[in-house]
Protein chains: 4
Amino acid sequence: MSNDKRGPLAADRLESAPRRPASLWKNAVTRDQERQAKRMAVLLTAADMFLARGSHRVAMTDIADELGITKPALYNYFSSKDDLLVECFRQSNQVIIEQLDRIERSAGPGLEKLRAIIRAYARLITVDYGSVMIRLEDRDLPDILRNEVRGYKRAIDARVRATIEGGIADGSILPCDVKLATFAIMGALNWIGQWFRSDGPYSVDRIGDEYADRLTKGLAKN
Amino acid sequence: MSNDKRGPLAADRLESAPRRPASLWKNAVTRDQERQAKRMAVLLTAADMFLARGSHRVAMTDIADELGITKPALYNYFSSKDDLLVECFRQSNQVIIEQLDRIERSAGPGLEKLRAIIRAYARLITVDYGSVMIRLEDRDLPDILRNEVRGYKRAIDARVRATIEGGIADGSILPCDVKLATFAIMGALNWIGQWFRSDGPYSVDRIGDEYADRLTKGLAKN
Amino acid sequence: MSNDKRGPLAADRLESAPRRPASLWKNAVTRDQERQAKRMAVLLTAADMFLARGSHRVAMTDIADELGITKPALYNYFSSKDDLLVECFRQSNQVIIEQLDRIERSAGPGLEKLRAIIRAYARLITVDYGSVMIRLEDRDLPDILRNEVRGYKRAIDARVRATIEGGIADGSILPCDVKLATFAIMGALNWIGQWFRSDGPYSVDRIGDEYADRLTKGLAKN
Amino acid sequence: MSNDKRGPLAADRLESAPRRPASLWKNAVTRDQERQAKRMAVLLTAADMFLARGSHRVAMTDIADELGITKPALYNYFSSKDDLLVECFRQSNQVIIEQLDRIERSAGPGLEKLRAIIRAYARLITVDYGSVMIRLEDRDLPDILRNEVRGYKRAIDARVRATIEGGIADGSILPCDVKLATFAIMGALNWIGQWFRSDGPYSVDRIGDEYADRLTKGLAKN
DNA sequence: AATGAATGAGCTTTCATTCAT
DNA sequence: GATGAATGAAAGCTCATTCAT
């Protein structure tokens, strides 16, 4: 983060000191970009491995090996395994929040928003790093970080719940126990991460559409 | 599984082999019963701890301490931690199978059976050891044991799926993608284990009823 | 410590329950003795190595190697390196306290007691594990343990100071700044640990006598 | 030591080689001065930190951070941590030697010189970098450097011893075991570093005077 | 059947040092 | 002269498992 700032600041100085060759600046910017790129590479590699095997089954050595570097090099980018893991959660949260924001801003009755959330979630869980939030365990984290993560989770839940409540208010959704309904929907969605295979028979969109129907229309004939 | 049967089976054989002095037999029976009781105590204690903290966060020492015995003593009853864990899965499977059997034998349309399954599952997850099957990770197990566990899971899924198909056949359930519908329902149910607190505001029955409605009737007004 | 008590307690029970074969008790006692002996061996080996090289230069592996066992075996006797180190301090404290108690109980003017303390200290530092208290660093210990150790040190200082004050009171010692006098004496004594070699030219008694004189009579001719 | 001399020496050579344009020389001198200044800054910062926390508890990173530079930059001034540490000892030695020289050159009986040494030492230990020699451990150094440091220490000891011998010769000091007397005095002095706090109740001069009395006049009434 | 003791393999983390730039 | 990045070597500690008793 501090590095993000250093870049612009340096750029300012550059404008007022035009003697320095542009190439030098390029170097600094490039270096910073490279650093961020590497940091991101570590993060994504770790997230992939954590998702595939569970975070406690992935040793720092494993991540380093996968990246072709040595273990201590990881500590240039993340101060600890916990830090790395919690950063995965943060990234995941950000991605999810963006989707929820987008849907919230859209017009339409609550029911449609709920269905949009379901479709978005299906995608998040299957192709994006949104699944980190759902599938990785936060129990190994120290209290303070675990609470942070749980805060994210609660916030997401609250927003889905609010969408359902909005739907009830605007008449598009039947009155029901909102909390339980939210749990049921989130559970169904989260579970996708357990069985989905990208080389399986179902496309992401197909799953999203089907779930959107199934979880809102029900199965019963009448 | 094999061990559950061995106990009773052994007792049967004893009854049908009355030549040895009764007292001796009684001793043998008693000894065997004691062994089975202790074995079961280990199993249930381990299952509880595994569920509460996740199996990889429970050391063999922890289990032994909880039972007031020493670590190596555990190995008299289970040959390894994996063995103990897989046995938890087997017990869980048995409990689940019993419920599915009971419901399958009952009369009524497929929809009602499905609802009965949902109610039974809600109970299994919250109060019985059925939750082991759903909430414990099988990823730490060696391939052969993990495959065994996954077989159980697939079988359970298949039976729920068959129930839905039966409901479609008898007209009580709308035609739909059965596989996805099953996944959605099972996901919603399994998720209960993530948020349920026995001291929380929802009773098991309340959850079962609400889920049975929600997952079959849907949320949409029409 | 708790183990010291278990022995006697067990012996009591034995007397009132004479049915059990003595051999069993012997075994238990023997085993306990062996355990204590081993624990002590670890402690003394560690203390020696800590004194010789400084505690931070001694790895757990080094201690284990010296004892001919493996690293984790050490953890059967001490829960951590800190635990091992602080136990060294506790042993050292006990030895010192015993000497101070003995001298305190003796008759004689304060000056004689002070000289006795100097002689005793010279011995403690050179041949007994009393030197641990003086020569090992407590700065690597976590706060709580470091405070414990500093408490010991303060208590020892206080007792020497009290002895000097007693001497001033009974007229055998000249009035002076007691705190500084104590520091000077303790410093001179503690320093012995820095230069003393058991194969050197000075015997322990020689050092003790000379220091007792030097630190109380001074060097000046008048 | 070698580096301290190299600076001035280099400057001397410059003055005696006037052929090159003065401006260039000035630059070179300035550059050299700057380098020496930076080198000294590193040295003093390191010495402070080593004294405060013990050299093995101070990482190169810590020193760099304290100076606001990066770790590898340190290696421009010192070839290794050992080099840095031994240079601290050399500086310390120089300061101590200067004091001993000054006192040796003064007139007066041996006893007065000894008292002057005690007063000077009290100051060295509490306010100057003289304490490095006494309070820092040389055990982490490789043999060759450790021997160098021990040479310094022995030389200092020898000079104190010589002062006492001079006092015995001139009749101002009572005959005694000079070696042990020296050890006792040095020990008492060195220990000051363990308890002295600059914000404590004792001023440096007070300590020096009191120690000068206590260590030469003794405590005993007769 | 149960115990105390021990082990091997593994984990996260630290740190002095080097190197390309 | 200084930097960011990387490394090899080591440290303390944990844990499932085994073994003699």
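Numbered from 1 within each chain, the chains take letters A, B, ... in sequence-line order.
Between the CZ atom of Arg39(C) and the C1' atom of dA6(E) there is a distance of 18 Å, rounded to whole Å. When the P atom of dT3(E) is taken as reference, atom CG of Asp65(B) falls 11 Å away, rounded to whole Å. The separation between His56(A) atom NE2 and dC15(F) atom P is 12 Å, rounded to whole Å. With rounding to whole Å, Leu74(A) atom CG is found 12 Å from dT7(F) atom C1'.
Out of dT17(F), dG4(F), dG10(E), the shortest distance to the side chain of Arg35(A) is found at dG4(F). When the nucleotides dA6(F), dG4(E), dT17(F) are ranked by their closest atom to the side chain of Thr70(A), dA6(F) comes out on top. Of the listed nucleotides (dT12(E), dG1(F), dA2(E)), dA2(E) has the atom at the smallest distance from the side chain of Lys38(B). Checking dA6(E), dT12(E), dT3(E) against every side-chain atom of Asn76(C), the shortest atom distance belongs to dA6(E). Considering only the side chain of Lys81(B), dA16(F) comes nearest among dT3(F), dA1(E), dA16(F). With dA2(F), dT7(F), dT7(E) as the choices, the nucleotide that has an atom nearest any side-chain atom of Pro72(A) turns out to be dT7(F). Nearest nucleotide to the Ala73(A) side chain, out of dA6(F), dT3(E), dT3(F): dA6(F).
Here Phe78(A) lies out of heavy-atom contact (under 4.0 Å) with every strand.
Scanning atom types as modelled, one donor and one acceptor separated by under 3.5 angstrom connect the side chain of Lys71(A) and the base of dT13(E).
A heavy-atom distance below 4.5 Å is not found between the side chains of Val58(D) and Ser55(D). Leu43(B) has its side chain out of reach of Tyr77(B): every pair of non-hydrogen atoms, C-beta onward, lies at least 4.5 Å apart.
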